[in-house]
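Report on one structure; see the data block that follows.
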2 protein chains.
Amino acid sequence: MKVLPRPYHHGNLREALLKAAEQALEDGGLPSMSLRELSRELGVTHASPRRHFAGKQDLIDALAARGFERMDAILGRAAKNNGQVFKTRLTKFARAYVGFALKHPALCGLMFEAKHRPGAPKELLQASDKAFSHGRALFADGQASGEVVEGDPYRLALVAYASLQGLISISTAGKFKGISLDTLVPEIMDRIILGLGPRN
Amino acid sequence: MKVLPRPYHHGNLREALLKAAEQALEDGGLPSMSLRELSRELGVTHASPRRHFAGKQDLIDALAARGFERMDAILGRAAKNNGQVFKTRLTKFARAYVGFALKHPALCGLMFEAKHRPGAPKELLQASDKAFSHGRALFADGQASGEVVEGDPYRLALVAYASLQGLISISTAGKFKGISLDTLVPEIMDRIILGLGPRN
DNA sequence: ACCTGAACACCGTTCAAGT
DNA sequence: ACCTGAACACCGTTCAAGT
């Protein structure tokens with residue numbers, strides 16, 4: 001079904017734009033992701049994208065929504081470790097989250113910004129919410145089994161989320177002087193869990 | 001054909017540009033910080049900034065370096081709480097760091113990016129390093145007094161730094177559903193400290 | 001439906017020339 | 001030294017017109 005490889009796009013321009021946009025984004029950042037440049041690469045006029053995306057922001061939002069869908073699939077798999085202790089599940093989950101973010105750093109930055117932009121389309125917000133639902137469910141499970149202290153799960157998850165988000169920021173920026181994430185992520189999760197356990 | 005000549009910008013154009021640039025940055029983000037727009041605001045030609053900044057990146061780097069100098073002053077004061085327990089000092093320090101970041105969110109984002117950009121000027125890297133030296137010193141103090149576990153201070157501080165950086169990212173993005181930072185920052189620091197204390 | 005071609009208003013950068 | 005004015009090559013967006 002997926003043939004038509006010629007640079008003249010009949011019905012694939014939208015897909016081709018999204019793919020080329022992500023490539024350009026990871027290669028040279030948002031400023032290098034220009035509609036005109038993408039059009040040039042795909043062999044169409046710079047006005048062609050207008051048929052598929054209302055404007056550059058619309059392309060960005062679509063790219064972000066797709067990112068959250070992919071993240072949702074990955075986090076969904078990572079969270080489905082029933083029968084494990086909470087600590088193991090959280091560590092696996094965190095590793096999957098960080099792994100995805102480090103594999104697509106520019107895309108994740110764009111997802112983060114797009115999601116928080118005032119006026120973000122609700123389709124994007126829903127995709128983001130769906131992806132993050134696995135984390136909330138994980139913390140709820142931890143509370144149900146008594147492994148996580150009682151309280152607002154949103155707030156509890158926030159601490160872990162903040163740590164990971166910061167880790168990703170720093171790591172994405174590239175300044176990680178030879179410290180492996182494979183050991184640092186569990187280390188951070190261990191410390192978080194020390195604070196999440198039942199009070200004594 | 002005669003047009004009234006624009007008067008030369010009296011005083012320091014370089015200073016005026018930096019000030020106007022920071023304002024534009026916080027108001028509308030990096031894309032709204034345009035050299036041409038700044039020149040218009042200050043009543044000079046769009047080519048004038050060239051005398052003071054080699055290009056837009058140069059202005060950005062100067063803005064970032066100034067930001068780190070201001071941060072250095074604030075963190076220096078916050079870290080000078082000798083005679084207090086480590087936990088108190090770290091919490092005060094973290095509050096000062098988060099406070100600065102939330103007061104100047106766009107500037108801090110620019111500082112973070114500029115610092116990690118390949119090819120960042122060494123003056124900028126030095127300013128950043130100076131600002132962060134207070135945090136490293138704080139952790140070294142904690143180790144000297146036995147309140148912080150032994151080990152690489154850089155790595156230990158990284159966990160706390162990551163948490164704060166993530167907290168700032170999330171908070172700056174604006175999605176904090178009525179959770180006060182005055183209670184959340186100490187809460188996060190408490191949990192970090194649980195993991196930093198001597199092993200038992 | 002899908003794309004073109006031209007136009008408009010922006011942008012950063014460069015450079016010879018003015019004061 | 002400091003700034004101007006014009007030029008160049010980009011950009012996003014719009015729209016009448018082609019197929």
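Since the structure is predicted, the reported quantities are computational estimates derived from the model, not experimental observations. In what follows, chains carry the letters A, B, and so on, assigned in the order in which the sequence lines appear, proteins first and then strands, with residues in each chain numbered from 1.
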Between protein and nucleic acid, restricted to nucleotides 17-19 of chain D and to nitrogen or oxygen atoms under 3.5 Å apart, what atom pairs and distances do you find?
none

Enumerate the protein-to-nucleotides 5-9 of chain C contacts in which both atoms are nitrogen or oxygen and the separation is below 3.5 Å.
unit_1	atom_1	unit_2	atom_2	d
C:dA6	N6	A:His46	NE2	3.0
C:dA7	N6	A:His46	NE2	3.4

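Partners of A:Arg66 under the side-chain hydrogen bond (donor to acceptor under 3.5 Å, both in side chains) rule, at least two apart in sequence or in another chain, are A:Glu15. Residues satisfying the side-chain hydrogen bond (donor to acceptor under 3.5 Å, both in side chains) test with B:Gln84, not counting sequence neighbours, are none. Under the side-chain contact (heavy atoms from CB on, under 4.5 Å) criterion, A:Asp72 pairs with A:Lys130, A:Ala131, A:His134, sequence neighbours left out.
There is no path of hydrophobic side-chain contacts, each under 4.5 Å, that joins B:Val148 to B:Val85.
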In a table with atom names and distances, give each donor-acceptor pair under 3.5 Å that connects a side chain of residues 156-163 of chain A to protein atoms at least two apart or in another chain.
unit_1	atom_1	unit_2	atom_2	d
A:Ser163	OG	A:Val159	O	3.0
A:Ser163	OG	B:Ser163	OG	3.2

Just list the side-chain donor-acceptor pairs under 3.5 Å for residues 54-62 of chain B, sequence neighbours left out, or say none.
unit_1	atom_1	unit_2	atom_2	d
B:Lys56	NZ	B:Met33	O	3.0
B:Gln57	NE2	B:Asp61	OD1	3.3
B:Asp58	OD2	B:Ala54	N	3.2
B:Asp61	OD1	B:Arg117	NH2	3.4
B:Asp61	OD2	B:Arg117	NH2	2.7

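C:dC11 atom C1' lies 13 Å from atom CG of B:Leu30, rounded to whole Å. One atom, CG of B:Leu35, and another, P of D:dC10, lie 19 Å apart when rounded to the nearest Å. Atom CZ in A:Arg50 sits about 15 Å away from atom C1' in D:dC11, given to the nearest Å. Look at CG on A:Leu17: it is 13 Å from C1' on C:dC2, rounded to the nearest Å. Computed from coordinates, the A:Asp58 CG to D:dG12 P distance equals 14 Å when rounded to whole Å. As a whole-Å value, the separation of A:Asn12 CG from C:dC2 P is 11 Å. At whole-Å resolution of the value, NZ in B:Lys56 and C1' in D:dC10 are 13 Å apart. We find that CG of B:Leu38 is positioned 12 Å from C1' of C:dG12, with the value rounded to whole Å.
Paired regions of DNA chain D, where each region holds three or more successive Watson-Crick or G-U pairs whose two hydrogen-bonding distances fall under 3.5 Å, are C:4-8 with D:12-16, C:12-16 with D:4-8.
Both B:His52 and A:Met33 lie close to DNA chain D; mapped to their nearest nucleotides by heavy-atom distance, the more 5′-ward contact belongs to B:His52. Looking at which nucleotide of DNA chain C each of A:Ser48 and B:Pro31 is closest to, the 5′-most match is held by A:Ser48.
Residue pairs meeting the ring pair (Phe, Tyr, Trp, His ring centres under 6.0 Å) criterion with at least one partner in residues 87-107 of chain A, sequence neighbours excluded, are A:Phe100-A:His104. Pairs of residues two or more places apart, or lying in two chains, that qualify as salt bridge (charged side-chain N to carboxylate O under 4.0 Å, His left out) and include a residue from residues 75-87 of chain B are B:Lys87-B:Asp190. Listed by first then second residue, pairs satisfying salt bridge (charged side-chain N to carboxylate O under 4.0 Å, His left out) with a partner in residues 32-49 of chain B read B:Glu37-B:Arg40, not counting sequence neighbours. For the salt bridge (charged side-chain N to carboxylate O under 4.0 Å, His left out) condition, the pairs that include at least one residue of residues 22-35 of chain B, sequence neighbours left out, are B:Glu22-B:Arg70.
At a threshold of 4.0 angstrom between heavy atoms, the contacts of A:Arg14 with the nucleic acid are absent.
Between A:Ser34 and D:dG12 there is a side-chain N or O to OP1 or OP2 distance below 4.0 Å.
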Check: Going through the checks in order, is the side-chain contact (heavy atoms from CB on, under 4.5 Å) test met by B:Thr45 and B:Ser48?
Finding: CA-CA 5 Å; B:Thr45 314; B:Ser48 292; 4.0 Å; yes
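A side-chain donor-acceptor contact under 3.5 Å links A:Glu147 to the backbone of A:Phe86.
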